[in-house]
Number of protein chains: 2
Amino acid sequence: MDKKELFDQFVAFTAAVHQVTHELTQDVKIDNITPVQYKILEHIKVSQPVTPTEISDCQHMSLPNTSRELRKLQERKLVEKMIDTEDRRKHYVCLTADGEKMMKEAFACIEERFQQLIQHASKKDLEDIQDALNILNKKVFQPKL
Amino acid sequence: MDKKELFDQFVAFTAAVHQVTHELTQDVKIDNITPVQYKILEHIKVSQPVTPTEISDCQHMSLPNTSRELRKLQERKLVEKMIDTEDRRKHYVCLTADGEKMMKEAFACIEERFQQLIQHASKKDLEDIQDALNILNKKVFQPKL
DNA sequence: TCCATTACTTATCATTTGATAACGAAATAA
DNA sequence: TTATTTCGTTATCAAATGATAAGTAATGGA
């Protein structure tokens, strides 16, 4: 087994993943949301409640810039902040009802495209895919330990 | 087999792929290259010779903007253009020796990090990973058809 | 020949994103 | 109490990216 070969395969694979991700998410109709703002909303959606610092770390952006984007999202009533009662420096960010609705629609659109992508897969194919996802998650993409 | 469940798994997986890709490529020492320029160089590296129109399509950017970035890369002697002798409207873009060197170093750096990522994988693990990559490529991420 | 199309360029402008300094309020440690 | 640290904000500036209009040159077809 050639590790170099595996690397080449890995590079091609990640390129394909990025390509497909782009196709699935492009032009998802969410009015006037910038890519960065969408990423933030997506992150809040799956991890809420979440603090600005956590968003900053996970999205690899500075806290001031995170704060700015959160303010814009808040002004548009897509997210809301709450102050931790224990430690009043901490803010918890959640989606508002509007924000939930928008993200739900976005995910529905993406899921529809995804289902189209695998529409021709047999029952066995689907199981194989699931197994493959599990293996790669466990052996390669697993976030630290 | 629940297709909805598979979608959720897929979303989590692609998020993990993007995360790992970011970790592998962040701070790859290539002096003053912007992310977009790096993507272009990467694309040229694996597909050269390539035309501006092809880059424009694959990188999802307009031809004028592609042209601008290529000019900057050309000014820095990282890429060079040749005119098609058959159809003199077409330009073929390639990496210069400097460009090749820079990309080779970048890939070496990324590969080193990748090998670290799978350093604890057994021989069987590596085979499993390879199989999983093949399955996903074929069943899901395969570019059209 | 004239016209339409293709491939690419230049120029310009708006928006998004990144980086940094300076500040405030709350918690914590001395 | 007085530091010091943490979490978050505002403000400002620079750079990267996106969008669009206009232009050139080559091709190919009528």
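Below, chains carry the letters A, B, ... as their sequence lines are ordered, and counting in each starts from 1.
Distances shown here put every side-chain N or O of B:K81 at or beyond 4.0 Å from the OP1 or OP2 atom of C:dC8. Distances shorter than 4.0 Å separate some side-chain N or O of A:R88 from OP1 or OP2 on C:dA26. Distances shorter than 4.0 Å separate none of the side-chain N or O atoms of A:H60 from OP1 or OP2 on C:dG18. Proximity of B:T51 to the phosphate of C:dA7: no side-chain N or O atom is located under 4.0 Å from OP1 or OP2.
Distance from the side chain of A:R71 is smallest to D:dT10 among D:dC7, D:dT10, C:dT16.
Near DNA chain C, meaning a heavy atom under 4.0 Å away, the residues from residues 61-69 of chain A are A:S62, A:P64, A:N65, A:R68. Of the residues in residues 35-42 of chain B, none has a non-hydrogen atom less than 4.0 angstrom from any atom of DNA chain C.
When rounded to the nearest whole Å, the span between CD of B:Q59 and P of D:dA16 equals 17 Å. Spacing between atom CZ of B:R89 and atom C1' of C:dT5 amounts to 8 Å, rounded to whole angstrom units. When rounded to the nearest whole Å, the span between CD1 of A:I33 and C1' of C:dT17 equals 15 Å. Put simply, CD1 on B:I55 is 13 Å from C1' on C:dA7, counting in whole angstrom units. The separation between B:K90 atom NZ and D:dA25 atom C1' is 15 Å, rounded to whole Å. For the pair B:D84 CG and D:dA25 P, the interatomic distance rounds to 19 Å; values are reported in whole Å. For A:H91 and D:dT10, the NE2 to C1' distance is 13 Å, given to the nearest whole Å. If you measure from atom CD of A:E75 to atom C1' of D:dT10, you get 12 Å, rounded to the nearest angstrom.
Ring pair B:F7/A:F107 is perpendicular by interplanar angle, where above 60° counts as perpendicular and below 30° as parallel. Between A:H60 and B:H22, the ring planes lie parallel to each other; the angle is under 30°, not in the 30° to 60° tilted range.
Considering only heavy atoms from C-beta on, B:L78 stays 4.5 Å or farther from B:Q37 through its side chain. Side-chain contact between A:T66 and A:Q59 is absent, with no heavy atoms from C-beta onward closer than 4.5 Å. The side-chain heavy atoms of A:K72 and A:R68, taken from C-beta on, include a pair separated by under 4.5 Å. For the pair A:M102 and A:I33, the minimum side-chain heavy-atom distance is below 4.5 Å.
Backbone-only engagement by B:E86 is indicated by non-hydrogen atom pairs under 4.0 Å involving sugar-phosphate atoms exclusively.
One side chain, B:Q9 or A:N134, offers a donor N or O that lies under 3.5 Å from an acceptor on the other. At a cut-off of 3.5 Å, with distance as the only test, a side-chain donor of B:E23 or B:Q19 sits close to an acceptor on the other residue.
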Check the pair B:V17 / A:V140 against side chain to side chain contact (heavy atoms under 4.5 Å, CB included), numbers first and verdict last.
CA-CA 9 Å; B:V17 172; A:V140 185; over 6 Å; no
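Heavy-atom nearest nucleotides on DNA chain C were determined for A:T34 and for B:P52, and the one closer to the 5' end corresponds to B:P52.
Legend: salt bridge (charged side-chain N to carboxylate O under 4.0 Å, His left out) pairs involving residues 104-114 of chain B, not counting sequence neighbours, sorted by first then second residue: B:K101-B:E105.
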